[in-house]
There are 2 protein chains.
Amino acid sequence: MSLATASRAINGSETRTVGEDLRRRVAESARLLGYAPNANAQAMARGATRTIGVVVHDLTDPYFAAIADGIATAATERKLFLTLATTGNNLAALGDVVTSLDSMRVRAIILVGARWKDPDLQDALMASIDQYVGRGGRVVALGMDFPGVDCVQVANEAGATALAEELVALGYRRPLVLTGPERHSTAASRATAFTHRMKQLGHPVPDANQITSDFTRAGGTVGMRLAIEGGLTYDVIVAMNDVMALGALNEATRSGISIPADAGLTGFGDISTLVDVTPGLTTVRVPSGQLARLGLDLALSGPGDGTGSITVGVTPVLRDSTPALRDSAPASR
Amino acid sequence: MSLATASRAINGSETRTVGEDLRRRVAESARLLGYAPNANAQAMARGATRTIGVVVHDLTDPYFAAIADGIATAATERKLFLTLATTGNNLAALGDVVTSLDSMRVRAIILVGARWKDPDLQDALMASIDQYVGRGGRVVALGMDFPGVDCVQVANEAGATALAEELVALGYRRPLVLTGPERHSTAASRATAFTHRMKQLGHPVPDANQITSDFTRAGGTVGMRLAIEGGLTYDVIVAMNDVMALGALNEATRSGISIPADAGLTGFGDISTLVDVTPGLTTVRVPSGQLARLGLDLALSGPGDGTGSITVGVTPVLRDSTPALRDSAPASR
DNA sequence: TTGTACGCGTTATCAA
DNA sequence: TTGATAACGCGTACAA
């Protein structure tokens, strides 16, 4: 009973096989001794791990949580493990996080969330990514465009465009757009496509009705407050994601503005927690589970050079927060 | 420039120091070559990793997501990494998950969520845990009692008791208790303490008014439906967690039962997504961030033998879903 | 089918 | 302060 035989008996081998009796004896001894193979040693000997790295901004946001859960589930099915890192506010650390995952020799890295149009951060991050990729690592970005890496994109423009069309069809004419931060690429894509389509449809959104704030629930609250203080006129509030919409809803209600009686409201994402919100929130559904699954697949077997990017479609979901307006008297404020 | 010197220059050493000039040369070369230390090799040489394993049931549940996020944040502060596993429905796999984390030689394992009173599962899990602990690993359980391992407990009994007192003080007399599964220890603790206190206060909860269903949103929906079909009488619905309460709220509303006009409603946990629910849900606040932080601390430096267990307190939070009842006419159905 | 011996990348021990 | 070398635990080519 040599070490090699034991190794083969426990973890198998491509080319060799082990006698039945020995196999049994080894298994027995292993159980008896409480033996658990050292994954680190295996990683070194094999030159590869079964771990993939996942970087999300914030698990507190149901959208990210849903994606992380989807990746975790898909990973388990494939007998892979997950190393998860949250960046939180500290976006500057993203490059370092990638480097750490690189050190761990994770099979692949999945970056999920938003890309900021910040040249400095971008450069630092790209440097880390290049190192990792140069060593044979694979990187995938979920829900953001990222030149040079395979992406699973969300059809933000198409979704925002479709949403504009639906709203106009319902009779809305003068949206208040909570655009999110200007340098937040996801927010910007949605906002630009939306306002663009509104203009095409004959209802351009005045600059005053485009309010910049964070891409968070707090951002929605702040944006709404600014709108109220500015005395703006609008018949529907269009937030760039669901949590912003929820923040806006809360602030509006506190200020005596009734949704949808005084104004409609829409979000983006269709996070699962929306089912318990009143009124039912009109939004654009992003299939987060599919996003996660495709992302993992791409991470495992995509080209890895950015040419494997795909886009998942999204669909407007109309609910009570945007009832059809009567031709005679569109609500306004 | 030997390997040893390079190692010392890059990752430091307890006992040695490196000359300034050499240190600079090494750093320069490392950067030039795109060198990233191999964490697996380090783990082997040092005999320890900087990774901790976290096992949660389901990231889709805001309660677990909040805890996971808290652990991730605290871990980042301590320069630790997280390997995260979700068990999902497959509770039987828990032992295997622990064994896998054992293989990875994670510093500690944090088990978060619910313990099931299933002797078979329990035995399998304990076997895995014992192996891991025998090798020097540390295990901590969050939000559940787990004999033999350090726990960060939630004061479920105290919270449920306090809730009962508050409800009675508000004028509620006849609760409908959505108990959750009988073998779910958290649910059982809360339900037992609640009914016990109600009885003490002179308002015993009839068996018919105690409904068993899953500890999930769907469970809340099902439980509520059963109550409606059973034609039960109650003045407040008491769910064993927030997502159950939300499921019940939804089902009640669909069935024409108005909360709180027709009946009060309470949850447990005070998950963050409650802020956007109408009516404001009365609940018992569980400090998930604190739970996470204490859990990590305990995992890193607790005794590791179950004697380090601590309990975090909880507080009833009264909101619109349980208005004070008029003495004259308690709502009922 | 089984055993031997080397290499994976790093740290720690010991000697210089 | 630096260098040489033996571990760490495993997989695998090679020999038996």
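These numbers come from a predicted model, not from an experiment. In what follows, chains carry the letters A, B, and so on, assigned in the order in which the sequence lines appear, proteins first and then strands, with residues in each chain numbered from 1.
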Heavy atoms from C-beta onward define the side chain here; which of [options] lies closest to that of [X]?
| X | options | value |
| --- | --- | --- |
| A:Ala4 | D:dG9, C:dT4, C:dT10 | C:dT4 |
| A:Thr17 | C:dT10, D:dG11, C:dT1 | C:dT1 |
| B:Tyr35 | D:dT2, C:dT10, D:dA13 | C:dT10 |
| A:Thr5 | D:dC10, C:dA12, C:dG3 | C:dG3 |
| B:Ala41 | C:dG9, D:dG11, C:dT2 | C:dG9 |

- Take atom CZ of B:Arg25 as the centre, draw a 6.0 Å sphere, and report whether it contains more than 12 heavy atoms from other residues, nucleotides or ligands. no

Using whole Å, report how far [atom1] of [X] lies from [atom2] of [N].
| X | N | atom1 | atom2 | value |
| --- | --- | --- | --- | --- |
| B:Met44 | D:dC10 | CE | P | 9 Å |
| A:Arg46 | D:dA13 | CZ | P | 13 Å |
| A:Asn38 | D:dA7 | CG | C1' | 14 Å |
| B:Leu3 | D:dT1 | CG | P | 20 Å |
| B:Gln42 | D:dG9 | CD | C1' | 16 Å |
| A:Glu20 | C:dT2 | CD | P | 10 Å |
| B:Arg8 | C:dT10 | CZ | P | 15 Å |
| B:Arg25 | D:dG3 | CZ | P | 9 Å |

Per side chain to side chain contact (heavy atoms under 4.5 Å, CB included), B:Leu111 is matched among B:Val54, B:Thr87, B:Ile129, B:Val140 by B:Ile129

Donor-acceptor contact present, side-chain B:Arg8 to main-chain B:Val18, <3.5 Å: no

Quick check: does any side chain N or O of A:Tyr35 sit under 3.5 Å from a backbone N or O of A:Ala27, one acting as donor and the other as acceptor?
no

Rounded to the nearest 0.5 angstrom, the CZ-CG distance for A:Arg293 and A:Leu291 is 12.0 Å

| query | Would you say C:dT2 has OP1 or OP2 under 4.0 Å from some side-chain N or O of A:Ser2? | reply | no

task: Scan B:Leu22 against the nucleic acid and name what it touches under 4.0 Å (heavy atoms): base, sugar-phosphate only, or nothing.
output: sugar-phosphate

### Query
Contact class for B:Asn11 vs. all strands (heavy atom < 4.0 Å): base, sugar-phosphate, or nothing?
sugar-phosphate

